[in-house]
Amino acid sequence: MENALKTVGILAALAATTLAFPHPAAAKPFPAGIVNLMPIGHIYDHPWQNVNVDGMRIRMGWEDIETQDGVYNWQLIDDCLALAATNGKFIGLSVVAGIKSPPWLMGGDTFTDGSTTLNVATLSSPTANFVAADVGRVIDCEKFPPGTTIISRTSSVATLSAPATATKSGHLTFSILARHSGVPFRVLTAPDEGVMPVPWNPVVLAKWRVFVAALGARYDGNPKLRYVPMGGFSQTGESYLATQQADIDYFNARAVAAGYTATVDFSAGMVAWQAVTKTIINTYMTAFPTTPPFITVARPFPVDQGGVRAVNAIVAWGVDRYPGRFGIMNSQLHATSAPGYFATDAIYNNRQTQPTGAQFLCSSGSADNVARLSNSPPWGSNPLLSPYHAINNSFTAALNIGCRYVETYEADVTNSAYQTLLATQGAALKSR
C-alpha cells in the first residue's frame with residue numbers, strides 16, 4: 001500500500017508540474033558535434049580524450065538501473081557524468097524500457113549463481129529451486145536466446161528450449177519470469193528478439209513514469225547532460241513497436257482489450273501507441289525541464305497499420321506542444337540520406353527550431369557495412385564507396401538534412417584515418 005500511495009503521489013506531482021511549467025526558463029544549449037556511440041553498458045577505456053569528440057552517448061536498460069521496484073543503481077551514470085566533466089565532453093543518456101524492462105515487473109525471480117555450458121541446453125543453480133510449475137516459463141538470461149523456456153527440471157538444473165551461447169560457471173545472473181503476479185509480456189517473433197510488456201498497460205506506464213521522474217530529478221540539473229533520447233513506448237530506443245505480423249496482431253488485440261478502437265487511419269494498436277507516447281513525452285518534458293528529450297523516429301507499426309502516419313502525428317504534436325525543446329533524431333544515417341523519407345523529413349522540416357541529430361546506420365568496419373552506408377548492392381542501387389567516403393558522405397548528408405550532432409560508432413571515432421574528417425565535419429555540425 002505504501003508503494004502504491006507513493007506512486008500515485010509522484011504521478012500527481014508530475015501532472016501538476018506539467019501544467020504549471022510547460023516550458024523551461026533557461027534551457028541548455030542544443031547538443032552539437034560528433035558524439036561517440038559507446039557500447040551498451042560500458043563507459044571506461046573509450047575515447048574520452050579524443051579532441052574530435054564532443055559528446056558521448058550512453059545507452060542503458062531499465063533493468064540495469066531499477067534492480068528492484070523502487071530501488072535504483074545510479075553508479076554507472078554518475079561515473080559517466082564525472083568522466084564527462086573531467087574530459088570536457090557532454091552526455092546523451094538513454095534508458096531503454098521495452099525489451100530491457102526489469103524482470104520483477106513481469107513477475108520474475110532473479111538469481112546470480114547460474115552455470116551454463118556452450119551449446120548445452122541446461123542452466124544450473126543451487127538456489128533457484130526449480131519447481132514443476134516453472135516448466136513453460138521464460139528464462140531471461142544473456143547466455144540464452146530471448147524467449148528461451150524451461151522444458152524440464154530438477155530442483156537445481158533446468159533443461160531449456162535452446163542451448164547456451166557461452167560457458168559461465170557459478171556467477172551468471174538469470175531470471176525466471178511469471179513466477180509471481182506481474183504484468184503480461186510478449187516474446188517477440190524472430191527476427192525481432194526480446195521479451196517486453198505492453199507499453200500502455202496501466203502498471204507498466206505508471207512504473208515507467210515514476211522511473212523517468214526519478215531519472216530527471218537526479219540528472220536534469222547536471223550541465224554535462226545535454227540530451228535524453230526517450231524510451232518506454234517501443235522495443236528499444238527507436239520508436240519501433242512491432243514488425244512481425246504475429247506481434248502486430250498481439251498488440252492490436254491488447255489495445256482492443258484496453259478499450260482502444262481502430263480508426264480509418266490507424267489500427268487499434270496505433271491508437272493506443274499514440275496515446276501512451278504522448279503521456280510518456282509529457283512525463284519526460286516535466287522530468288527534464290532544461291534538457292531536451294528526443295524521439296528516435298521509426299515506424300512503430302507497418303505502413304498499412306498507420307505506422308508512418310502515427311509517428312508523423314507524434315512529431316507534429318511534439319513540435320507544436322514543446323517548441324524548441326522536442327528533439328528529433330533517427331538512427332539510419334547513411335551516405336544517401338536525404339529529405340523525402342519520413343524519418344529524415346521529420347528532422348529537415350524542423351531543423352530551424354528544434355534540436356536535431358542522427359545516428360549512423362552502422363560502422364564502416366566491414367565490407368557489408370560499407371555497402372549499407374553506401375546504399376549499394378545488395379542494400380540499394382548506388383555505387384559502392386570506399387569506407388572513408390561512405391563515412392564522409394554520410395556526415396555531409398546529415399548536414400544537408402539539418403542535423404546538429406551525429407552519433408558515430410566508436411570503431412570509426414577511433415580510426416586514425418578519419419581524424420581530420422571528424423574534425424572538419426564536427427566543426428560544420430557545431431556551426432549550425
Side-chain angles (χ1 to χ4, degrees), residues 31-39 47 50 52-55 57 191-192 229 236-240 243 294 296-299 302-304 307-308 311-312 315 328-352 356-432:
I34 305 294
V35 178
N36 180 61
L37 188 61
M38 289 169 52
N50 187 327
N52 297 319
V53 172
D54 302 288
R57 168 72 184 274
D192 290 349
T236 56
E238 297 178 81
S239 53
Y240 289 112
T243 65
F294 274 70
T296 307
V297 175
R299 282 187 298 270
V303 173
D304 64 355
V308 170
V311 75
N312 283 345
V315 170
I328 308 166
M329 64 174 288
N330 74 25
S331 59
Q332 301 173 355
L333 179 65
H334 56 278
T336 62
S337 293
Y341 179 61
F342 76 96
T344 49
D345 281 346
I347 296 168
Y348 183 79
N349 294 337
N350 297 287
R351 67 193 186 282
Q352 300 293 342
T356 56
Q359 181 186 118
F360 267 90
L361 176 64
C362 57
S363 75
S364 65
S366 70
D368 185 64
N369 278 3
V370 173
R372 294 177 72 194
L373 291 174
S374 304
N375 196 29
S376 64
W379 303 99
S381 58
N382 289 277
L384 180 65
L385 301 171
S386 69
Y388 179 95
H389 286 98
I391 291 292
N392 194 53
N393 291 11
S394 297
F395 275 117
T396 300
L399 288 163
N400 291 337
I401 293 165
C403 295
R404 300 172 188 271
Y405 70 84
V406 173
E407 295 178 348
T408 308
Y409 282 86
E410 190 163 292
D412 295 324
V413 166
T414 57
N415 189 327
S416 60
Y418 295 166
Q419 295 310 303
T420 300
L421 177 163
L422 293 172
T424 301
Q425 296 285 17
L429 289 164
K430 287 181 286 188
S431 71
R432 289 192 169 277

Participant: More than 12 foreign heavy atoms under 6.0 Å from CZ of Phe342: is that the case here?
Facilitator: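 Enclosed: over 12 neighbouring heavy atoms sit under 6.0 Å from CZ of Phe342.
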
Participant: Rounded at 0.5 Å granularity, tell me how far CG in Asn349 sits from CG in Asn312.
Facilitator: 9.5 Å

Participant: Would you call Val297 and Ile328 a side-chain contact if the rule is heavy atoms closer than 4.5 Å?
Facilitator: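 Of all side-chain heavy-atom pairs linking Ile328 with Val297, at least one is under 4.5 Å.
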
Participant: Of the non-hydrogen atoms in Gly357 and Ile347, which two are nearest, and what is the gap between them?
Facilitator: O-CD1, 3.4 Å

Participant: Could you verify whether a donor N or O on one side chain and an acceptor N or O on the other, from Asp192 and Thr243, lie under 3.5 Å apart?
Facilitator: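 Yes, side-chain donor-acceptor contact under 3.5 Å.
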
Participant: With heavy-atom distances below 4.5 Å as the criterion, would you say the side chains of Phe395 and Tyr418 are in contact?
Facilitator: no

Participant: Looking at Val53 and Gly55, what are the two nearest heavy atoms and their distance?
Facilitator: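 Taking Val53 first and Gly55 second, the nearest heavy atoms are CG1-O, 3.2 Å.
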
Participant: Measure the spacing between CD of Gln332 and CG of Leu373 and express it to the nearest 0.5 Å.
Facilitator: 12.5 Å

Participant: Could you tell me if the ring centre of Tyr341 sits under 6.0 Å from that of Tyr348?
Facilitator: no

Participant: What is the distance from atom CG of Leu399 to atom OG of Ser394, rounded to the nearest 0.5 Å?
Facilitator: 11.0 Å

Participant: Could you tell me whether a side-chain N or O of Arg404 sits under 3.5 Å from a main-chain N or O of Arg351, the two making a donor and an acceptor?
Facilitator: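 Flag set: sc Arg404 to bb Arg351 pair under 3.5 Å.
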
Participant: Once rounded to the nearest 0.5 Å, what's the spacing between atom CG of Leu422 and atom CG of Asn52?
Facilitator: 5.5 Å

Participant: Between Ser374 and Val370, is there a side-chain heavy-atom distance shorter than 4.5 Å?
Facilitator: yes

Participant: Taking C-beta and beyond as the side chain, do Asn392 and Gln425 meet within less than 4.5 Å on heavy atoms?
Facilitator: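 They are in contact (side-chain heavy atoms under 4.5 Å apart), so the answer is yes.
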
Participant: Evaluate side chain to side chain contact (heavy atoms under 4.5 Å, CB included) for Gln359 paired with Leu333, printing each intermediate quantity in order.
Facilitator: CA-CA 6 Å; Gln359 181 186 118; Leu333 179 65; over 6 Å; no

Participant: Which heavy atom of Pro47 sits nearest to which heavy atom of Val413, and what is that distance?
Facilitator: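 Minimum heavy-atom separation between Pro47 and Val413: CG-CG1, 3.9 Å.
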
Participant: Are the side chains of Asn36 and Arg57 in contact, using a 4.5 Å heavy-atom criterion?
Facilitator: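 Side chain of Arg57 against side chain of Asn36, heavy atoms only: no contact under 4.5 Å found.
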
Participant: Do side-chain atoms of Arg432 reach the backbone of Cys403 as a donor and acceptor pair under 3.5 angstrom?
Facilitator: yes

Participant: Dump the intermediate steps for side chain to side chain contact (heavy atoms under 4.5 Å, CB included) on Ser376 and Leu385, then the final yes or no.
Facilitator: CA-CA 8 Å; Ser376 64; Leu385 301 171; over 6 Å; no

Participant: Is it the case that the side chains of Thr296 and Glu238 hold a donor-acceptor pair, with the cut-off being a distance below 3.5 Å and no angle test?
Facilitator: no

Participant: When the aromatic ring centroids of Tyr405 and Phe294 are compared, is their separation below 6.0 Å?
Facilitator: yes

Participant: Kindly say whether Thr420 contributes a backbone atom to a donor-acceptor pair with the side chain of Thr424 at under 3.5 angstrom?
Facilitator: yes

Participant: Hey, could you give me the NE2/OG distance between His389 and Ser364, rounded to the nearest 0.5 Å?
Facilitator: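 Going from the NE2 atom of His389 to the OG atom of Ser364 covers 12.5 Å.
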
Participant: What are the two closest non-hydrogen atoms of Arg372 and His334, and how far apart are they?
Facilitator: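 In terms of heavy atoms, the two residues are closest at O-CB, 4.0 Å.
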
Participant: Heavy atoms only: give me the nearest Leu429-Gly33 pair and the separation to one decimal.
Facilitator: CD1-O, 3.6 Å

Participant: Side chains of Val35 and Asp54: does their closest heavy-atom pair fall under 4.5 Å?
Facilitator: no

Participant: If you measure from CG on Asp345 to CG on Asn330, what distance do you get to the nearest 0.5 Å?
Facilitator: 10.5 Å

Participant: How about Asp412 and Ser363: does a side-chain donor come under 3.5 Å of a side-chain acceptor?
Facilitator: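 Per modelled atom types, Asp412 and Ser363 side chains form no pair under 3.5 Å.
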
